[in-house]
Amino acid sequence: MAINPALIKAYARMGQKGAAAGIGMMELAKRDPDMRVVVADSVAIASLDRFYNNYPEHVVNAGISEQSMIGIAAGLSSEDGRAVYACTYAAFVLVKAIEFVRHNLAYHQFNVKVVGNSAGFAMETLSISHWATEDIAMARSLPNMTILSAADSLAAIKCVMAAHEVKGPVYVRLSGLLNCPIVYEKDFDFQIGKANTLRQGDEVTIIATGMMVREALEAAELLVAQGIECSVVDMHTIKPLDTDYLDKALVKSKLMVTVEEHNIIGGLGGAVAEYMAEKGNMPRLVRIGVGDTFGKLGDLRYCWEQHGLTAPQIAERIKKEFNK
Amino acid sequence: MNRRILSEEEIKAMCKRMRLHAMDMALAAGNRGAHVSGSLSCIEIYAVLYGAILNYDIDNLQWNDRDRFIAGKEHARLAEYPARAEMGFYPVEVLNSYEQNDGLLVGHQLRKELGVDYASMSLGMEMSFAVGKALIAKQTEQKYHVYCLLGDAECEEGPVWEAFIAAAHYKLDNLTVIIDRNCMSVDGNTEELMAQLDMQKKMEAFGWESVTVDGHDIHQLMEALSHKPQGKPYAVIAKTTKGKGVSFIENNKAWHQAVLNEEQYRQAVEEIKNS
């Protein structure tokens, strides 16, 4: 696919899940006629209308039954190892169906890609049932899982397509709303397990994932204006973690920061903290994320504000921690 | 293709040997105990499936057209393992390795290393997998039939019913489920604890073809399982006795998982031999 700035703007308007399903998975179906998509009454929810209209025979609707959806996906894949994408809200597919994911994906390693949409607080006032702020932690604790998290719509396309290259289970975490802010203004190289450095600066390394990548970039601008040099990296692969990148960043940085729209326990911050603790003799780490609480409900930005996840709040927090 | 089809008389004799194997394995499990009674209730079901119904090639276990068998009712491994040993999937001596550290045959999970169609290990998870297998067979025009064995109390798990709905919706007439209706779960009688009522009617209401048979009657099982439905999935409700064949285990909830001592072992073996 030739990707130009006009396309990137169009993808952004579609939001992460719209671009992933409407562009990425459409392309995959063209290349791989064996591919299947399983939904739980979530053709519309997962922005699969166009996909369904073009490839109705590729789509299996399990009804509103996310556990059964994962079981059916595993069964569909089990005979010839074909790729099966299971798509619905992250809160339902991963959190509700976790045992089915554990046995069918983590243990059996069937070639099933769980695409969790609208992770974090993207479901806004539909609130806690529809939010997913524990999903990365749950997926990370399962053996054999690859975990991808998209920073913008183009990255979302890259995530679902990269997942197809993996012969085994993948959790693709998509978040945000329609009109997803652009992080990647031109085409870029997406390699599973290889973090993308978006900005170089020696004093603070900000490792972000998902929608927080864009916020981290804006926070870095604010910090640089105040004389604090920052690197910003998109850690789109949370498992396996890019420890080569971390090794380099740890040497040069005075402060390490993780930012995620997820509980600070068990997610990106948890993964980086675990790695750094075992390395020892490291700079300090600040984990910015959801502080092990649910918080007040409201629109996306309001929810972010409750947890200090907007760019100005992130900059403020980093400045405070840096000057400690 | 190498597949021995047993007669009803041969299956009866196989059931007796399977019960004896089950007792040997329960004894070998020692103080860890074994799931004894739930295995004894489905000995005939397993013997009929492996002895006469399932299509497979014993010389080529991964033969593409073999029927797929998804074994729920995880507490029935003392029926599953002997059935497969009796039919030559592995030597009968392998049963001696039951519950050994890192052994092939363990008390609940079917290990992947056995080459089974699904390494089932948790109640309520098999049915949706079986639906996926049956559905992809339809879509890719595969010849195999999918069989799935469930316990009646296992059907208290909600996802089983999610998958029942999907199987009927997708008209999976290449799918047969056998429900071991022994009317007992860990805590006792299902109809007192969580009544399943008339399971045949339930399955019919869910859009399945269904029949109820005596799950210890070889002939009835053979007849019911030989039937291939048209346009809908098929459920055989097999009425059984939990612990069938050993007097002190029958309908005794203490034997769901229990330690079999030497004296009990001798009595059980004698009863089975004299039956």
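These numbers were taken from a predicted model, which means no experiment stands behind them. Just so it is clear: chains get the letters A, B, ... in the order the sequence lines come, proteins before strands, and each one is counted from 1.
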Show me the donor-acceptor pairs under 3.5 Å between chain B and chain A.
residue: B:R68; atom: NE; partner: A:E79; partner atom: OE2; Å: 2.9
residue: B:R68; atom: NH2; partner: A:E79; partner atom: OE1; Å: 2.6
residue: B:Q109; atom: NE2; partner: A:Y107; partner atom: OH; Å: 2.8
residue: B:K112; atom: N; partner: A:Y107; partner atom: OH; Å: 3.4
residue: B:K112; atom: NZ; partner: A:Y107; partner atom: O; Å: 2.7
residue: B:Y118; atom: OH; partner: A:N104; partner atom: OD1; Å: 2.6
residue: B:A119; atom: N; partner: A:H108; partner atom: NE2; Å: 3.1
residue: B:S122; atom: OG; partner: A:E99; partner atom: OE2; Å: 2.4
residue: B:K133; atom: NZ; partner: A:S78; partner atom: OG; Å: 2.7
residue: B:K133; atom: NZ; partner: A:E79; partner atom: OE2; Å: 2.7
residue: B:Q139; atom: OE1; partner: A:R36; partner atom: NE; Å: 2.6
residue: B:Q139; atom: OE1; partner: A:R36; partner atom: NH2; Å: 3.2
residue: B:E162; atom: OE1; partner: A:S68; partner atom: N; Å: 3.0
residue: B:Y170; atom: OH; partner: A:N61; partner atom: N; Å: 3.0
residue: B:Y170; atom: OH; partner: A:N61; partner atom: O; Å: 2.8

With only heavy atoms counted, which part of B:A163 is less than 4.5 Å from chain A, the side chain, the backbone, both or neither?
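For B:A163, backbone and side chain are both near chain A.
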
With only heavy atoms counted, which part of A:V84 is less than 4.5 Å from chain B, the side chain, the backbone, both or neither?
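It is neither, since no heavy atom gets under 4.5 Å.
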
Output all residues satisfying side-chain hydrogen bond (donor to acceptor under 3.5 Å, both in side chains) with B:Y50, sequence neighbours left out; order by chain, then residue number.
B:R84

Heavy-atom closest pair, residues B:P159 and A:F100
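Of all heavy-atom pairs spanning B:P159 and A:F100, the closest is CB-CZ, 3.6 Å.
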
On a heavy-atom basis, which atom in A:I72 and which in B:A166 lie closest, and how many Å separate them?
CD1-CB, 4.1 Å

Tell me if the [atom1] atom of [X] is crowded by more than 12 foreign heavy atoms within 6.0 Å.
X	atom1	result
A:I64	CD1	no
B:M1	CE	yes
B:R32	CZ	yes

